Amino acid sequence: MAKVIMVAMSLRKESFNKKLIVNAQSILAKEKPELITDLLLFNDYSMPVYDGDIETQHGIPDGVKNLGKKISDADAIILSTPEYNGGIPGPFKNAIDWVSRITPMPWPGKKLLLLGASPGGLGAIRSLGHSRVPLDSIGVFVYPEMFGLARADAAFDESGKLKDASTEERLKKILIKFANYIG
Ligand code: FNR
């Protein structure tokens, strides 16, 4: 059975991306119960800003090693990312860079789906485009289609569930396609 790790690349407690990835996991549990999904909290993998001197003097930080192990053990990855200034958020890029320093590198060959949420009108799609670039370059198979959630500040009810049925349907469609791609 394929193992899928799911992570929102925001540290914020009330993160819209955290809410989106929880919705994605619920949909997959219902639609593709044969998949083993593991919802991770990015906050559990704390790491400094990458510095070659830290690496030389202290090695790879534990948070990075632990995240790298989760990636190595997974067949596929679903990430939900915010957009910062039209691109990939620093903490997300930092995690890609740190994990790429582990030998053997955990990233190559992993199948990965990108989701994103933003209170803005573009639904973090510029961030999704930027996030592909480093992932592509280290051998991750980033799924061609991506999912952006615009107006994320109004998208969830009090329990954190997506309010709009058509948005949920759009998310369901891409998740099912990605699950079929994982095989
Ligand atoms: C933002 N935000 C933002 N939103 C957007 O749609 N496009 C953007 O370019 C930016 N730029 C940006 C830069 C910085 C430094 C911050 C802190 C924020 C707003 C962002 O979408 C909002 O804070 C989300 O709530 C972040 O995602 P989470 O934490 O809710 O998952």
Side-chain angles (χ1 to χ4, degrees), residues 4-29 37-51 61 63-64 66-68 70-71 74 76-100 107 110-137 140 142-175 178:
V4 186
I5 55 168
M6 307 180 71
V7 200
M9 303 314 290
S10 169
L11 298 165
R12 205 169 70 86
K13 200 159 68 171
E14 293 299 323
S15 160
F16 303 125
N17 285 280
K18 285 180 177 171
K19 290 180 182 166
L20 182 59
I21 203 90
V22 169
N23 277 263
Q25 190 192 29
S26 302
I27 291 170
L28 276 180
T37 59
D38 187 6
L39 187 63
L40 310 182
L41 195 58
F42 191 29
N43 307 60
D44 289 341
Y45 304 89
S46 73
M47 58 190 78
V49 172
Y50 179 79
D51 176 343
V64 177
N66 294 340
L67 182 58
K70 287 284 185 183
I71 293 169
I77 303 163
I78 301 177
L79 301 179
S80 189
T81 180
E83 174 173 294
Y84 286 175
N85 298 315
I88 184 170
F92 180 12
K93 179 62 164 58
N94 189 49
I96 293 173
D97 294 338
W98 262 123
V99 171
S100 76
W107 292 113
K110 300 299 172 186
K111 294 172 177 173
L112 188 146
L113 176 68
L114 282 170
L115 317 176
S118 157
L122 296 178
I125 54 167
R126 293 175 301 174
S127 171
L128 300 180
H130 280 191
S131 300
R132 300 186 67 91
V133 175
L135 293 166
D136 279 342
S137 85
V140 176
V142 185
Y143 196 63
E145 276 181 61
M146 299 176 286
F147 178 92
L149 177 67
R151 310 282 173 227
D153 52 333
F156 303 96
D157 66 19
E158 305 83 67
S159 72
K161 193 178 176 315
L162 279 168
K163 285 195 259 187
D164 182 41
S166 65
T167 304
E168 193 176 3
E169 190 59 29
R170 189 165 62 87
L171 180 58
K172 187 164 97 178
K173 275 194 180 142
I174 192 169
L175 289 168
F178 182 66

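Residues: numbered from 1 along the sequence shown. Reckoned from all heavy atoms, side chains included, excluding hydrogens, waters and symmetry mates. These numbers were taken from a predicted model, which means no experiment stands behind them. One-based numbering, in listed order, for ligands and for the atoms of each.
Less than 4.0 angstrom separates some heavy atom of Asn17 from each of these atoms of ligand 1: 27 (O), 28 (P), 31 (O).
The aromatic rings of Phe178 and Tyr143 sit perpendicular, their planes meeting at an angle over 60°, well past the 30° parallel limit.
Checking Asn17 against Ser15 by side-chain atom types alone, no donor-acceptor pair falls below 3.5 Å.
The closest protein non-hydrogen atom to atom 28 (P) of ligand 1 is Ser15 OG, 3.5 Å. Among protein heavy atoms, atom 9 (O) of ligand 1 sits closest to Gly86 N, 2.7 Å. The protein heavy-atom contact nearest to atom 11 (N) of ligand 1 is Asn85 N, 2.7 Å. Remark: minimum distance from atom 6 (O) of ligand 1 to any protein heavy atom is reached at Ser118 OG, 2.5 Å.
Between Pro119, Pro82, Gly87, Gly120, it is Pro82 that holds the heavy atom closest to atom 27 (O) of ligand 1.
Ligand 1 has no N or O atom lying under 3.5 Å from any N or O atom of Tyr84, backbone or side chain. Geometrically, ligand 1 and Glu83 share a nitrogen or oxygen pair separated by less than 3.5 Å. For ligand 1, one of its N or O atoms has an N or O atom of Ser10 under 3.5 Å away. In terms of polar-atom proximity, defined here as any N/O pair under 3.5 Å, Phe16 does make such a contact with ligand 1.
Atom NZ of Lys13 is surrounded by 12 or fewer heavy atoms from other residues, nucleotides or ligands within 6.0 Å.
How far CG of Leu162 is from CD of Glu169: 12.0 Å, rounded to the nearest 0.5 Å. Separating the CG atom in Leu79 from the CZ atom in Phe92 is a distance of 5.0 Å, to the nearest 0.5 Å.
Of the residues Leu39, Val7, Leu40, the one that meets the side chain to side chain contact (heavy atoms under 4.5 Å, CB included) test with Ile21 is Leu39.
Under the 4.5 Å side-chain criterion, counting only non-hydrogen atoms from C-beta, Leu171 is in contact with Leu115. Between Phe147 and Leu113 there is no side-chain heavy-atom pair separated by less than 4.5 Å.
The side chain of Arg12, and not its backbone, has at least one atom closer than 4.0 Å to an atom of ligand 1 (non-hydrogen atoms only; side chain from C-beta on).
There is no protein heavy atom closer than 4.0 angstrom to atom 23 (O) of ligand 1.
Using a 4.0 Å cutoff on heavy atoms, Leu122 does not count as a contact of ligand 1. The closest approach between any non-hydrogen atom of Arg126 and ligand 1 is below 4.0 Å.
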